[in-house]
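Hydrogens, waters and symmetry mates are skipped; everything else that's a heavy atom, side chains included, is used. Because the structure is a prediction, the values reported are computed rather than measured.
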Amino acid sequence: QVQLVESGGGLVQAGGSLRLSCAASGRTFRNYAMGWFRQAPGKEREFVAAINWSGSRVYYADSVKGRFTISRDNAKNTMYLQMNSLKPEDTAVYYCAVDRSGLLSGRVHEYDYWGQGTQVTVSS
């Protein structure tokens, strides 16, 4: 089993940057593909980005491609999401989770062990 804790959220102006972290407990972190999702008030949880176990393959939602970068450091049991050129529509609670499929899925139901989330607010 894996426990995930997100951090790094906050309030930033449009055009600014934030770096989210997802710290994992358990020695099996390096075995898993991982992903980031977000959920805005009144909206469904949506896929943001995914990364395979080694970090050699990544996958992004079209809405964040070119602005966000997903990465991981297996030695530190941590995954990251670097967010640049932030927009007000990026405002949401951001979650990390384990990709059970291992295929860099964009589907919420294929993820487990969700963290508690970290709030990102982008002001205009």
Side-chain angles (χ1 to χ4, degrees):
Q1 189 163 344
V2 178
Q3 291 185 325
L4 304 174
V5 178
E6 302 94 338
S7 62
L11 173 64
V12 64
Q13 289 188 332
S17 298
L18 282 174
R19 188 195 197 200
L20 305 184
S21 297
C22 172
S25 64
R27 56 194 173 103
T28 58
F29 170 79
R30 65 189 65 205
N31 294 341
Y32 296 118
M34 303 286 296
W36 286 98
F37 285 75
R38 65 187 182 186
Q39 188 166 18
K43 295 188 176 181
E44 293 186 351
R45 192 166 297 189
E46 66 172 3
F47 171 75
V48 174
I51 188 167
N52 74 332
W53 69 274
S54 67
S56 62
R57 291 192 301 121
V58 296
Y59 173 50
Y60 297 98
D62 288 343
S63 58
V64 306
K65 202 174 294 183
R67 300 187 299 122
F68 291 11
T69 302
I70 188 172
S71 62
R72 65 191 296 164
D73 185 339
N74 286 340
K76 295 182 178 180
N77 277 11
T78 303
M79 178 178 65
Y80 304 98
L81 186 68
Q82 177 67 43
M83 306 186 296
N84 299 329
S85 302
L86 282 161
K87 305 175 181 180
E89 51 263 44
D90 294 318
T91 295
V93 177
Y94 283 71
Y95 300 90
C96 61
V98 172
D99 177 4
R100 286 187 288 107
S101 75
L103 300 175
L104 305 194
S105 170
R107 300 172 180 171
V108 173
H109 69 270
E110 292 189 355
Y111 283 78
D112 278 331
Y113 305 120
W114 295 86
Q116 85 291 345
T118 185
Q119 175 71 48
V120 172
T121 303
V122 184
S123 64
S124 57

Here's one to test your reading of the geometry: is the NZ or CZ of Arg72 within 45 degrees of the ring axis of Tyr80 and under 6.0 Å from its centre?
no
When you look at CZ of Arg107, are more than 12 heavy atoms from neighbouring residues, nucleotides or ligands closer to it than 6.0 Å?
no
Tell me, yes or no, whether the heavy-atom count around Trp114 atom CH2, taken from other residues, nucleotides or ligands under 6.0 Å, exceeds 12.
yes
Can you confirm whether Thr91 sits close enough to Gln119 that some side-chain heavy atom of one is under 4.5 Å from a side-chain heavy atom of the other?
yes
Would a distance-only check, ignoring hydrogens and angles, find a side-chain to backbone donor-acceptor pair under 3.5 Å from Asp112 to Val98?
no
To the closest 0.5 Å, what do you measure between CD1 (Ile51) and SG (Cys22)?
11.5 Å
Hydrophobic clusters here meaning ILVMFWY residues chained together by side-chain heavy-atom distances under 4.5 Å, can you tell me if Tyr60 and Phe37 are in one?
no
Val58 reachable from Tyr94 in the ILVMFWY side-chain graph, under 4.5 Å edges:
yes
Min side-chain heavy-atom separation Met79-Leu20 under 4.5 Å:
no
Could you go step by step and tell me if Phe47 and Tyr59 meet the ring-ring contact (aromatic ring centres under 6.0 Å, His included) rule?
CA-CA 10 Å; Phe47 171 75; Tyr59 173 50; 5.1 Å; yes
First locate atom CG of Asn52, then atom CZ of Arg57, and finally report the distance between them rounded to the nearest 0.5 Å.
5.0 Å
When clusters are formed by joining ILVMFWY residues with side-chain heavy atoms under 4.5 Å apart, either directly or through shared neighbours, do Met34 and Ile70 land in the same one?
yes
Whether Ser63 side chain and Ala61 backbone form a donor-acceptor pair below 3.5 Å:
no
Are side-chain heavy atoms of Arg38 and Glu46 found at a separation under 4.5 Å?
yes
Taking Asp73 for the side chain and Thr78 for the main chain, is one N or O donor matched with an acceptor at less than 3.5 Å?
no
Sequence neighbours left out, cut at 3.5 Å: what donor-acceptor pairs do the side chains of residues 4-18 make with other protein atoms?
{"from": "Glu6", "atom 1": "OE1", "to": "Gln116", "atom 2": "N", "distance (Å)": "3.0"}
{"from": "Glu6", "atom 1": "OE1", "to": "Gly117", "atom 2": "N", "distance (Å)": "2.8"}
{"from": "Glu6", "atom 1": "OE2", "to": "Cys96", "atom 2": "N", "distance (Å)": "2.8"}
{"from": "Glu6", "atom 1": "OE2", "to": "Gly117", "atom 2": "N", "distance (Å)": "3.4"}
{"from": "Ser17", "atom 1": "OG", "to": "Asn84", "atom 2": "OD1", "distance (Å)": "2.9"}

Side chains of Val93 and Thr118: does their closest heavy-atom pair fall under 4.5 Å?
no
With side chain to side chain donor-acceptor pair (under 3.5 Å) as the test, would you mind laying out the steps for Ser105 and Glu110 before giving the verdict?
CA-CA 7 Å; Ser105 170; Glu110 292 189 355; 2.7 Å; yes
Kindly confirm or rule out a cation-pi arrangement of Arg100 over Tyr111, judged by NZ or CZ under 6.0 Å from the six-membered ring centre and within 45° of its axis?
no
Carboxylate-amine/guanidinium contact Lys65 Asp62, below 4.0 Å
yes
Are the side chains of Val64 and Met83 in touch, meaning some heavy atoms are under 4.5 Å apart?
no
If you group Ile, Leu, Val, Met, Phe, Trp and Tyr by side-chain heavy-atom gaps below 4.5 Å, do Val120 and Leu81 land in one group?
yes
Under 3.5 Å, is there a donor-acceptor pair between the side chain of Asp99 and the main chain of Gly102?
yes
Parallel, tilted or perpendicular: which describes the rings of Tyr113 and Tyr32, with under 30° parallel and over 60° perpendicular?
tilted
